[in-house]
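Here is the structure we will look at, set down as structure tokens.
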Amino acid sequence: MLYSKMYLTTLKEIPQDAEVPSHQLMVRSGMIKKISAGVYTWLPLGLRVLDKIRTIIRDELHKKDCNELMLPILLPAKPWKQTGRWEEYGQEMFKLQDRSNREFCLGPTHEEIVTETVKNTVRSYRDLPQFVYQIQTKFRDEPRPRFGVIRCKEFIMKDLYSFHADEECLHKGYAAISEAYHAIFRRCGLTFFPVDADNGTIGGSFSHEYVSESSVGETEFVICDSCGYSATIEVAPSKAPETESSESLLGLEEVSTPNVKTIEEVSSFFHVSPDKILKTVLYKDENNQHYLVVVRGSDEVNETKLKRIVKKDLVLCTQSTLPTGYLGPIQPTSFPIIADTYAIQIKNGICGAMKEDKHLKNVSYDRDWTADTIGDIRSLCNGDPCPRCKKPIAVKHGMEIGHTFVLNDRYTKPLETVFTDPSGATKTVLMGCYGIGVTRLVAAIIEQYHDDKGIVWPASVTPFHVEIMVLNPTDTDHIQCARSIEQELEKQGYEVLIDDRDLSPGIKFKDAELIGIPHQIVLGRGLKEGVVEYQNRQDREKKNIPFDDIASYVNERLKEELHDICNRSNTGLQ
RNA sequence: CGGAGAGUGGCGCAGUUUGGUAGCGCGCGUGGUUUGGGACCACGAGGUCGAAGGUUCAAAUCCUUUCUCUCCGACCA
């Protein structure tokens, strides 16, 4: 492919509205163009990467006997109402009506529709299990689209659904898809972690999130190097060890502390570490009932855990008549107190006195305060004991690239999807669902594969395998030479981009670095001696190679790379 | 939805405080000189300054309303 014929424009400067590296590089390298917040055009270069990923996904799923189909995007309201998600999904769903006011939505996910599809076509246990998937555009009215293609209103997802006669078969299917997921992410070159996850509104019994490690990710998770335990921060349990401190109780004191409000301020005022402070946060539910939530000053309230314990939707209370900055779980108070297991172990601690400019010193549980509910409401921190093996755990950030769920009959029951078992009895079909954010995956790869000059594509997903830079494109012999290398490489199944633009060499080098094609060949002044220059995008290695050998040299390196990327271990959990 | 910031040729920005009818760099076009790390010279095209309304002899600039975008938070397979 000739660069001069390609619809591709690069940008020298960083677009003002792009914050994270992958977003900046995708825009600068001409992969995507923003049309509106969270809505992007995929330009030819970006589409090539997307297609590579789709091919990898199809390939691995077909190995597990999955069938590709295509569900509609315009979805009738009825099945959504039957499962309760027409309301439950809320504002995130794009809803619309046709000319006769029939209700529809733009598919945010497809559990209901695939179940409608399968219903009555799968009739007997002999028809099960079944695995069907699609690679389809999804629509979600995100409150805040972000980070380019990472969080969009419109995005491409691979969604797979499995249908089973019994639980054993469902779990076997789930395991098979996990294998496929490992293979897919590995082939994309990603370092990733499968972690225990919260199943959210999608329902069902358990689920795993696949997280690609990255600083821009919105998922926080923990991982234990010793035993391999991993879970999202919402799920990973935290429990204080049941050891009684031998510290003797000191007398309660009220201390005047004007303008000492934050944990840091309190900590330095009293010369104590934050884990001796009772952090008291005010929450309220939808009925305006307030709650005092107590954790150690060194801990963060984990709202997902909190909501799970209270079994109510709570929001942080930012305005109240209480003396913010001087809150404490001190009786008498009319609010229920919810305390973390670590917080109640604090002896001789510090807390707000529930009046302006005053703190209490030497506060201890039982003697000075009690909680109405004690439970796990804090997030695990770096170095905390692993919930499984008690060795220190690590907290990491990442991007959710896939999510799998065991759904059981969450959808098949309300949608009355049944089959006949061997004894002739009618039973409800069991179901699993498995998603991969395909467009997000492109960003995840770039987050892990870039340097200060641009993208550094892994060979498996690169838009082109090889770029040939012709420094003197007006010389038709040089173009001919490039064409012959291209031909030879294409015979091996590789894609080649020839930069034949009549521009100064510097521009070509810079663009090549930005676009990030892994193997680059420079045709320049060495050509009359029959020599070309080879450059590797990743390690910046440069060497001269005889023109006659270059194609086979690149072929060898690519073969090796593609082989390696399929076989190396990319998670710490295997 | 709460908080913060930004909208000026394709891209990045200055000009707004103190109103006088729009400028710089890159890119783009033509011609020429260059040709191994974003070259140089000359000429040229391209903007109702996000939109609407108002104040004024005069508005990118002041006032009002509104739209869009970005970031932090809330929210979220």
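This one's a predicted model, so the numbers in the text were calculated from it and none came from an experiment. Every chain is numbered from 1, with letters handed out A, B, ... down the list of sequences.
Only the P atoms considered, B:rA59 is 13 Å distant from B:rG53, to the nearest whole Å. For the C1' atom pair drawn from B:rG5 and B:rU35, the interatomic distance equals 45 Å after rounding to whole Å. For the P atom pair drawn from B:rU55 and B:rU64, the interatomic distance equals 15 Å after rounding to whole Å. Rounded to whole Å, the separation between the P atoms of B:rG23 and B:rG37 comes to 36 Å. Taking the C1' atoms as reference points, B:rG44 lies 22 Å from B:rU8, given to the whole Å. Using P as the reference atom, B:rG12 and B:rG27 are 15 Å apart when rounded to the nearest Å. Nucleotides B:rG19 and B:rC63 place their C1' atoms 13 Å apart, quoted to the nearest Å. With both ends at atom C1', the span from B:rG7 to B:rC13 equals 13 Å, rounded to whole Å.
Pairing for B:rC11 goes to B:rG25, judged as Watson-Crick or G-U wobble with the two contacts each under 3.5 Å. Both distances falling under 3.5 Å, in either a Watson-Crick or a G-U wobble arrangement, place B:rA6 opposite B:rU68. Nucleotide B:rC75: unpaired (no Watson-Crick or G-U wobble partner with both distances less than 3.5 Å). Shown here, B:rU35 forms no base pair; nothing in the strands shown gives a Watson-Crick or G-U wobble contact with both key distances under 3.5 Å. When both pairing distances are held under 3.5 Å, B:rU16 makes no Watson-Crick or G-U pair with any nucleotide shown. When both distances must be under 3.5 Å, the Watson-Crick or G-U wobble mate of B:rC49 does not exist. Here B:rA42 sits opposite B:rU30 as a Watson-Crick or G-U wobble pair (both hydrogen-bonding atom distances under 3.5 Å).
Per the geometry, CD belonging to A:E300 stands 15 Å off C1' belonging to B:rA74, to the nearest Å. Here B:rC11 presents its C1' atom at 19 Å from CE of A:M26, a figure rounded to the nearest Å. In this structure, A:E92 places its CD atom 15 Å from P of B:rA74, rounding to the nearest Å. A straight line from CD of A:E13 to P of B:rC24 spans 16 Å, rounded to a whole angstrom.
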request  = For side chain to side chain donor-acceptor pair (under 3.5 Å), just list the numbers for A:T83 and A:E112, CA-CA rounded to whole Å, side-chain angles, deciding distance to a tenth of an Å, and then say yes or no.
outcome  = CA-CA 8 Å; A:T83 62; A:E112 281 80 356; 2.6 Å; yes

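In this structure the side chain of A:V27 reaches within 4.5 angstrom of the side chain of A:L11, judged on heavy atoms.
Side chain of A:D511 to backbone of A:T10: no donor-acceptor contact under 3.5 angstrom is found. When atom types are taken as modelled, the side chain of A:R537 and the backbone of A:E513 share a donor-acceptor pair closer than 3.5 angstrom. No donor-acceptor pair closer than 3.5 Å links the side chain of A:K153 to the backbone N or O of A:A37. No donor-acceptor pair under 3.5 Å is formed between the side chain of A:E533 and the backbone N or O of A:K543. A:N408 places no side-chain N or O within donor-acceptor distance of the main-chain N or O of A:R410, the cut-off being under 3.5 Å.
Note on A:I14: only backbone sugar-phosphate atoms sit closer than 4.0 angstrom, heavy atoms only; bases stay farther off. Using a 4.0 Å heavy-atom criterion, one finds that A:K158 contacts no nucleic acid atom at all.
With respect to the salt-bridge test (charged N to carboxylate O, under 4.0 angstrom), the residues A:R378 and A:E300 do not qualify.
Residue A:Y411 is tested with A:E111, A:E116, A:R85, A:Q82 for a side chain to side chain donor-acceptor pair (under 3.5 Å); the sole match is A:R85.
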Please tabulate, one pair per line, each protein N/O and nucleotide N/O from nucleotides 67-71 of chain B that are separated by under 3.5 Å, including the distance.
| unit_1 | atom_1 | unit_2 | atom_2 | d |
| --- | --- | --- | --- | --- |
| B:rC69 | OP1 | A:S36 | OG | 3.3 |
| B:rC69 | OP1 | A:A37 | N | 3.0 |
| B:rC69 | O3' | A:K34 | NZ | 3.1 |

query = What string of B, S and - do you get for nucleotides 33-41 of chain B 5' to 3' if you count protein non-hydrogen atoms under 4.0 Å?
reply = --SBBBS--

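Rounded to the nearest 0.5 angstrom, A:I485 CD1 and A:I468 CD1 are separated by 4.5 Å.
Residue-to-nucleotide proximity on RNA chain B shows that, of A:G437 and A:P15, the 5′-proximal contact is made by A:P15.
Cation-pi geometry between A:K95 and A:W80 is not met at under 6.0 angstrom from the ring centre and within 45 degrees of the axis.
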